[in-house]
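See structure below.
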Amino acid sequence: MLVYILRRVLLGLSVLLAAIVATFCIFFLGPSDPAGALCGRQCTPDRIVQIEKDLGLNKPKTEQFVTYTKGLVAGNDLGGKKCDAPCLGWSYVQNRPVTDMVKQAFPVTVSIVIGGIVVYSTLGILFGMIAARFRGKPLDRVIVGVSQFVTSIPYFVLAQLFFLYAMVYYGLIPRAKYTSILDNPFTWFTGLLGIWLFYGTVLSANYVRYVRASMIDVQNQDYIRTARSKGLGERKIAISHALRAGIAPFLTLLGLAVAAELGGAIFTERIFGLQGMGNLALTSFDTSDLPVIAGVVVVGAVIIVSLNLLVDLLYGLVDPRVKLS
Amino acid sequence: MSLGAGTEATMVADADERAPGPAPREGKSPTQIALERLRKDKVAIACLFVIGFFVLVAILAPVLVSIAGVDDQLHLDQVNPLTGLASFQSNADHPFGVKARTGEDLFYQWAYGARPSLVVGIAASALTMVVGVTMGLLAGFLGGVVDTVVSWIVDFLLSLPFLLMAIGIVPIALQRFGNPDSSGFIEEGRESTIRFIVLICVLVLFTWPTVARLIRGEVLSLREREFVQAARSLGMPTKRVVMRELLPNLTGPMIVNLTILIPAFIATEAGLSFLGVGLKDPTYSWGQTISQGVTFFDSYPIWMWIPTISVSLLVLALSLFGDAVSDAFNPQTRR
Amino acid sequence: MRWTTVVALATAGTLSLAACGGSGSSGTNSNNDAGASNTALGDAYEKVPASAGQRPDVKGPAPEIAGAKKGGTLTFNSDVTPESTDPSTQYYQDTAAIMKLTTRTLTAYRMEGGKSVLVPDMATDLGQKSKDGLQWKFTLKPNLKYDDGTPIKASDVAYSIKRSFATEELPGGPTFQIDYFKDGDKYKGPWKSGDTYSGVEADDAKGVITINLARKFETLSYFASFTMFGAIPKAKDTKTNYQLKWAATGPYKVQSYTKGSSLTLVKNTNWDAASDPARHQYPDTIQFNFGKDAATTAKAIMADNGIDQTSLTYDGVNAAVLQQALGAKRKQVASGPSNCVNWNGSTMDVNKIPLEVRKAVAAAWPIDQIHQAAGETPFDYSPGGTIGAPQVPGFTKFNLPEFPGKGQGDPAKAKAMLQAAGKLNFELSYYYSNDDEAAKNVNKVKVAQLTKAGFKVKAIGVSKTERRKKVRDPKAPVNLGQGVNTGWCYDWPQGDSIYPPLFNSTLPNNSGAGNIRDKALDKEMADIANLPVAEQGAKWTALDKKILQKYVPLVPNAYSKGSMIFGSKVHNVVIDPNQGIGDFPSIWVG
Amino acid sequence: MSALPATPVAESGRERILEVNDLQVQFPTADGLVNAVNGLTYSLDMGRTLAIVGESGSGKSVSSMAVMGLHDPRRTRISGSIVLDGTELVGASQETIRQLRSSTAAMIFQDPQSSFHPFKKIGDQIAEAYLVHHKVSKKVAMTRTVEMLDRVGIPNPDRRAKQYPHEFSGGMRQRAMIALGLINDPRLLIADEPTTALDVTVQAQILDLLNDLQREFGSAIVLITHDLAVVAEVADDVMVMYGGRAVEHGTAHEVLANPRHPYTWGLLGSVPKLSASGGNLRTIRGLPPSLINLPSGCSFHPRCDFSDRVPGGLCSKELPGLEVRAGDTTRRSRCHLADPAGIFDAEIASTLE
């Protein structure tokens with residue numbers, strides 16, 4: 001198991017490093033004018049030169065990359081602007097370390113995503129199992145039909161309508177609000193609950209059919225037949241034999257889907273007005289604040305890689321066979 | 001000891017006896033059998049009609065707009081300058097209404113908007129399949145270093161946040177490949193072409209790894225199967241093994257995947273356009289229209305609802321059809 | 001130029017954020033139809049008298065607002081996030097309005113029946129000027145305190161001013177102090193050049209701040225209302241992080257601030273109402289939420305449920321609620337003139353376009369269509385045909401027949417003018433943002449109309465960011481829409497903050513309007529600026545007329561308006577005509 | 001269809017454990033109704049071993065699974081009668097059937113690789129079966145499990161019980177499967193191809209084991225196989241199935257040495273012989289019948305080389321009954337041929353040597 005974990009961690013690290021290189025290449029080697037953006041309104045050519053010097057933009061790209069990577073590990077001092085590790089660079093527009101901005105946005109996005117994962121995993125597995133159990137019956141048809149329907153409507157339209165009708169016009173669900181879990185776990189929970197329920201429910205529609213197919217597939221497995229031939233009751237078979245096997249592929253899917261969830265969080269943050277990483281990226285996109293976008297992408301990659309790692313480890317717990325591979 | 005080579009294959013399949021699979025029939029490939037099943041599936045046929053309808057709309061867009069007598073010009077006189085909205089939702093001149101303020105015809109944008117949805121959906125998923133299947137085959141069949149490298153690339157690409165990357169890549173690609181003239185002028189047509197290509201590339205780039213992973217898994221299990229082993233031990237060239245033995249057996253998962261990808265891409269295109277990094281004028285797309293119209297969903301509902309319903313219907317039809325295809329290939333998961 | 005959202009609000013639903021702070025848009029009036037049905041709104045503007053200028057004798061406290069209640073929470077939602085809340089660098093309308101709640105300044109505007117007048121705030125008067133006009137003294141009122149109870153010293157104010165010279169560490173603020181103050185170009189702020197600066201001196205014992213000038217600055221009293229003329233305790237200065245937690249001197253102090261997301265203000269118990277003639281302290285808590293989608297915010301406020309009843313937004317009247325705002329929910333809208341005048345991309349390079357052609361452009365300019373295509377509404381503008389804003393004290397509003405400030409333009413007449421000048425098919429070239437829905441629509445209108453008028457049009461679509469650079473590029477190979485191309489928002493209500501920044505010949509190419517190079521004009525502007533403030537208005541009016549007629553550097557399109565929408569339990573929302581945004585300290589809930 | 005009490009081996013004195021009468025199993029599918037078992041009748045006494053042989057799709061597994069009640073009742077139509085140890089299973093409640101599983105009738109599945117749950121320890125999986133039917137502690141059940149693992153010849157049973165299926169070799173897994181089958185001392189053991197996946201030496205060991213266990217417990221065994229050598233070694237009786245019906249049913253000696261049905265001939269003919277040096281294997285021509293559209297008359301007639309010897313095209317018109325034919329005493333067969341024994345002796349026997 002230890003070897004397995006080590007291997008996974010190493011793989012994750014190598015992937016992360018590559019993600020950093022790729023991000024750097026895309027965002028810093030591309031044509032852009034960071035100094036011009038940072039220069040502001042009383043801009044003179046001298047000032048641009050000075051800013052470029054401050055930010056090290058006049059140096060060769062390879063050196064810039066080394067500086068960037070070094071900043072991630074050990075921090076940087078950009079022309080008197082102190083940028084502590086992990087330094088993701090300096091925001092041209094906001095005149096702040098990117099790390100500060102990401103630090104602010106990070107817990108918001110992670111809260112949304114994690115809460116969403118809990119809700120949609122629960123609902124997805126629950127409804128998927130129910131549908132599989134009542135395969136071909138009206139209940140199954142209703143569940144599958146509704147999930148088909150929900151997944152077909154663009155998420156952002158649903159979110160807008162939900163926000164306006166459920167939260168604004170009729171006030172059925174309290175307006176979303178983020179408070180740090182460290183400040184007040186209770187308001188953190190109540191503030192995000194509405195979003196989790198909505199986001200999780202909509203997303204679960206994607207997984208209901210998957211879990212259902214997976215459970216049906218499991219039902220057809222030889223070992224379920226064996227369990228039945230032992231004289232085990234159906235409930236016991238469903239919970240102790242089928243569920244465990246049916247969840248394994250779902251876990252894999254979960255790992256794959258984290259990237260997509262981060263995307264979903266962008267729409268969620270935007271529409272529900274939460275200042276997470278997606279909103280941060282969009283704002284920075286609008287002001288061409290490339291270091292911020294790059295920072296968000298790098299941190300996004302970290303989230304994906306670590307959640308993937310977590311899923312892999314969980315998978316290792318569920319399926320004893322992976323320890324060998 | 002066995003009953004002899006002639007019955008070997010059927011004996012292997014004996015395990016399926018309990019779960020009644022397709023009854024053996026002479027001279028029919030799994031694809032043909034699946035097609036036959038599809039033909040009998042009423043839902044699948046209905047979905048095909050819906051899909052066909054939108055394909056026709058896309059192809060016949062110029063004809064449709066000329067029948068409706070609408071164009072892509074501004075019609076400032078069509079809207080109330082005070083509220084910016086038209087007084088009608090739909091009339092004979094503008095069956096799907098007009099946009100706020102500018103009075104641009106929405107039927108025109110809807111008809112032409114069908115094109116990018118379908119083209120993106122089909123082109124991107126076809127490309128994704130080609131790349132994904134190729135890489136999956138290479139990794140799964142050749143194994144060794146190739147497998148390690150491809151699997152690593154797959155892991156790497158899947159670790160990048162897709163939407164964030166898309167948001168970043170689009171403007172950069174525009175600047176890099178836009179070839180502006182001395183005054184920074186990028187022709188409108190050129191820009192929308194670039195956006196189109198970038199969008200497809202981004203979709204393909206971040207989706208092929210999923211396909212490759214799946215195909216690799218399939219190939220790994222197929223590789224151990226008797227007929228492939230036999231073909232290899234007989235010294236059949238790799239290319240022939242792949243083309244003759246592997247690919248035909250991958251048809252099922254490939255088609256099923258394709259039917260999942262197309263609606264997913266159509267939905268993604270709409271989402272990206274909503275975020276402002278998808279397609280832009282003069283390439284109309286439903287996602288764009290939705291994102292513009294969603295503000296007015298209560299005061300001018302037709303603006304948002306027509307493209308929303310169109311996208312939803314198309315995606316629904318495509319995914320139901322996909323389910324039907326998947327069922328046809330794999331009756332075990334049949335509803 | 002105070003920074004504001006001069007560009008029209010992006011069409012709803014798109015996720016683009018306006019780059020600058022502030023409220024609404026800009027504009028002229030629509031066609032006659034609209035004008036007729038819009039009389040009420042249009043006239044509302046006309047009724048606003050010119051701001052009454054300066055009232056040096058006003059003392060605190062501010063007169064109670066009839067019926068105002070204390071208590072409650074007031075919530076602001078905005079799409080836009082403040083760029084910097086550092087008092088030394090802030091230069092945005094919205095941020096200024098927010099910081100008026102927390103930060104007292106030497107002078108301040110206060111609302112008197114819809115008029116905005118300049119009154120002494122922390123200072124006892126509007127400044128005492130020496131005979132040669134090169135030295136100004138401001139005396140602090142006694143017993144002023146920070147929110148932690150420590151006294152405010154004259155040197156704290158001086159320190160705050162000195163910080164504004166540190167443009168490298170704290171970029172983005174106003175720069176008049178660099179231009180006007182003694183050695184302003186040499187002093188680089190307290191970190192680089194040290195604490196001693198001959199331009200700003202303080203005497204803590206007497207509570208006097210002395211400002212030494214390099215040249216006459218008749219409107220310094222107005223400039224002294226900027227937040228850089230507040231007070232910053234040096235011991236608590238955290239340099240670039242001061243913007244995240246700043247010491248309060250006004251009726252409210254910062255309870256928590258998450259940059260880009262939210263700001264919570266609570267009552268400052270150490271604020272002395274008796275000495276403050278410009279502010280009230282009604283709500284217990286004032287909450288700001290930033291980065292909220294404008295359309296949903298607007299819909300929520302109009303729906304008027306729960307917390308939205310005590311919420312408001314300064315994002316303007318979003319198109320999504322326009323119908324309601326014009327009809328049933330009219331009472332939830334406050335709209336009034338702002339400090340901006342709009343010319344919607346009509347700046348013409350006088351060196352590249354011959355005068356006759358410029359006149360033809362003015363004749364053809366499709367003012368109403370542009371407003372409509374940009375999504376500008378009666379809440380965003382009223383007709384206007386001058387460069388200066390009419391509420392500037394002493395300014396007399398006028399309408400030249402060539403510059404009606406409204407209407408659809410006359411392409412046929414323009415074509416005839418071109419023909420007469422032998423300039424048919426003259427090429428007009430300009431940049432527009434092709435990633436902005438409204439800008440693209442406006443461009444379509446322009447191309448159609450100008451082509452009809454016999455011009456050859458080369459419209460160059462670039463990204464918003466790219467365009468920001470291009471329009472200021474001195475060498476840009478285009479002749480239309482360069483420099484200060486959308487319009488101008490004055491920093492204080494006097495001509496010296498309008499005309500010289502636009503037409504001075506010493507300005508770099510494309511950083512003013514029209515690239516006029518005329519020494520005589522420079523002299524004329526300088527002469528007017530050196531007159532006492534009270535005498536300037538009429539002279540600027542005449543100059544405005546002269547510039548329009550002689551140079552035709554731009555086509556005035558509209559006087560901009562500021563608009564706010566608010567829930568039914570929000571009261572006394574009045575737009576400050578000098579800021580284009582509501583006067584936050586006088587709003588109450590209940 | 002014969003409605004006679006159908007026991008070819010009338011050996012009284014032994015208790016009858018299983019009696020299957022006119023069993024029909026059908027699966028409705030989108031392609032049509034699959035007739036997997038069509039009127040199967042047989043019975044089995046304690047202490048005896050019945051081998052069921054036939055090609056894929058002949059219904060041998062389906063009929064045995066029906067005895068265990070393992071078909072999904074929602075997607076299967078079963079009619080006829082299955083009496084297991086005195087209990088009628090067709091139409092019985094799931095709970096009744098559940099009680100009988102493993103305790104009265106146990107099944108050993110053909111693919112031990114997939115028949116064990118991959119995520120659970122072998123010992124736990126076997127002990128689970130004991131716990132269902134015995135009110136004992138987990139510890140007791142585990143002791144019993146280890147005992148059974150030892151019994152079926154698994155070395156280090158203590159350690160092995162704590163391992164996962166993937167850590168077992170094929171033969172070991174099969175032994176564990178048998179241990180699972182026998183843990184509740186079932187009166188009837190159904191072994192579905194228990195040796196298919198194993199190499200020959202292991203095969204022999206497993207078969208010996210089954211034989212030993214049968215002797216020890218006196219259970220009845222139904223052995224489903226396609227391996228006629230295995231049949232010859234362990235079976236008392238043999239039933240040959242084709243198209244969901246029994247076509248020949250008799251003692252092992254009768255059926256293997258003197259088969260009376262052309263299909264049995266075909267099966268025997270397709271067994272590779274050690275003596276035949278590189279000679280072609282004989283196979284049965286054609287493909288197994290479609291279970292949706294069974295051929296009219298005798299299901300085997302399209303593939304039968306001898307149907308032209310039956311006059312009047314009777315083979316394609318009328319289904320022959322499963323009857324004791326002239327010259328036989330106990331064995332029953334389903335063929336229109338007037339003198340199958342003659343044909344076998346004259347034409348077939350020589351080819352089988």
Side-chain angles (χ1 to χ4, degrees), chain A residues 1 4 129-141 212 214-252 311-325, chain D residues 28 30 61 64-65 67-75 94-122 124-134 162-167 176-177 180-181 183-184 186 189-190 192:
Chain A
M1 191 71 185
Y4 169 71
M129 279 180 67
I130 294 175
R133 176 117 173 76
F134 295 93
R135 167 141 76 126
K137 296 274 167 61
L139 186 60
D140 174 35
R141 275 165 216 267
R212 177 182 175 276
S214 166
M215 292 305 290
I216 289 172
D217 183 50
V218 169
Q219 290 291 345
N220 286 323
Q221 291 296 319
D222 289 348
Y223 50 80
I224 296 298
R225 189 186 55 186
T226 308
R228 208 164 270 137
S229 79
K230 288 194 255 186
L232 294 184
E234 287 302 313
R235 182 179 305 245
K236 170 107 177 154
I237 291 172
I239 291 166
S240 141
H241 289 244
L243 184 59
R244 187 157 172 202
I247 278 178
F250 177 76
L251 270 179
T252 317
V311 165
D312 278 347
L313 297 182
L314 275 180
Y315 195 90
L317 288 180
V318 172
D319 186 346
R321 287 173 299 182
V322 297
K323 285 176 217 163
L324 287 182
S325 60
Chain D
S61 282
S64 311
M65 298 243 306
V67 173
M68 296 290 294
L70 287 176
H71 291 297
D72 183 346
R74 283 167 295 185
R75 284 179 299 150
Q94 281 293 310
E95 183 54 26
T96 313
I97 297 173
R98 191 185 69 71
Q99 295 280 358
L100 292 172
R101 285 181 190 147
S102 184
S103 58
T104 304
M107 192 157 179
I108 295 172
F109 295 100
Q110 78 173 317
D111 186 358
Q113 164 93 45
S114 60
S115 296
F116 276 113
H117 198 294
F119 302 168
K120 289 165 166 279
K121 289 175 186 157
I122 291 273
D124 292 345
Q125 297 195 44
I126 296 175
E128 200 176 33
Y130 193 68
L131 281 168
V132 179
H133 299 285
H134 298 85
K162 292 190 190 90
Q163 288 184 329
Y164 290 99
H166 67 269
E167 293 169 281
M177 197 75 220
L180 171 61
I183 190 139
N184 286 316
L189 187 66
I190 302 173
D192 189 352

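Keep in mind that the numbers below use all heavy atoms, side chains included, and drop hydrogens, waters and symmetry copies. These figures come from a predicted structure and were not determined experimentally. Throughout, protein chains are lettered first and strands after them, A, B, ... in sequence-line order, and every chain is numbered starting at 1.
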Checklist entry - Heavy-atom distance under 4.5 Å to chain A: side chain of L100(D), backbone, both or neither? => result neither

Item to check | Non-hydrogen atoms of S229(A) and F109(D) that approach each other most closely | outcome: OG-CE1, 3.5 Å

Next on the checklist: To check you understand the geometry: which heavy-atom pair defines the closest contact between Y223(A) and F116(D), and what is its length?
Outcome noted: CB-C, 3.5 Å

Checklist outcome for this item: For R98(D) and G231(A), the nearest pair of non-hydrogen atoms, with its separation, is NH1-O, 2.6 Å

Next on the checklist: Once ring pair (Phe, Tyr, Trp, His ring centres under 6.0 Å) is applied, do any residues pair with Y130(D), and if so which ones, sequence neighbours excluded?
Outcome noted: H134(D)

Next on the checklist: Rounded to the nearest 0.5 Å, what separates atom CG in L131(D) from atom CG in L232(A)?
Outcome noted: 9.5 Å

Next on the checklist: More than 12 heavy atoms of other residues, nucleotides or ligands under 6.0 Å from CZ of R244(A): yes or no?
Outcome noted: yes

Checklist entry - Under 3.5 Å, side chain of S115(D) to main-chain N/O of D222(A), donor-acceptor pair present? => result no

Checklist entry - Mind checking whether H117(D) and H241(A) have parallel, tilted or perpendicular rings, split at 30° and 60°? => result perpendicular

Checklist entry - What's the shortest heavy-atom distance between H133(D) and K230(A), and which atoms? => result NE2-O, 3.1 Å

Next on the checklist: Keeping R101(D) on the side-chain end and R228(A) on the backbone end, is there a donor-acceptor pair under 3.5 Å?
Outcome noted: yes

Checklist entry - Would T226(A) and M177(D) count as a side chain to side chain contact (heavy atoms under 4.5 Å, CB included) if you check the C-alpha gap in whole Å, the side-chain angles of each, and the deciding distance to 0.1 Å? => result CA-CA 10 Å; T226(A) 308; M177(D) 197 75 220; 3.7 Å; yes

Next on the checklist: Does any backbone or side-chain atom of E95(D) lie under 4.5 Å from a heavy atom of chain A? Answer side chain, backbone, both or neither.
Outcome noted: neither

Next on the checklist: Are the side chains of R225(A) and M65(D) in contact, using a 4.5 Å heavy-atom criterion?
Outcome noted: yes

Next on the checklist: Let's test your reading of the structure: which of Q94(D), Q125(D), K121(D) forms the most heavy-atom pairs below 4.5 Å with chain A?
Outcome noted: Q125(D)

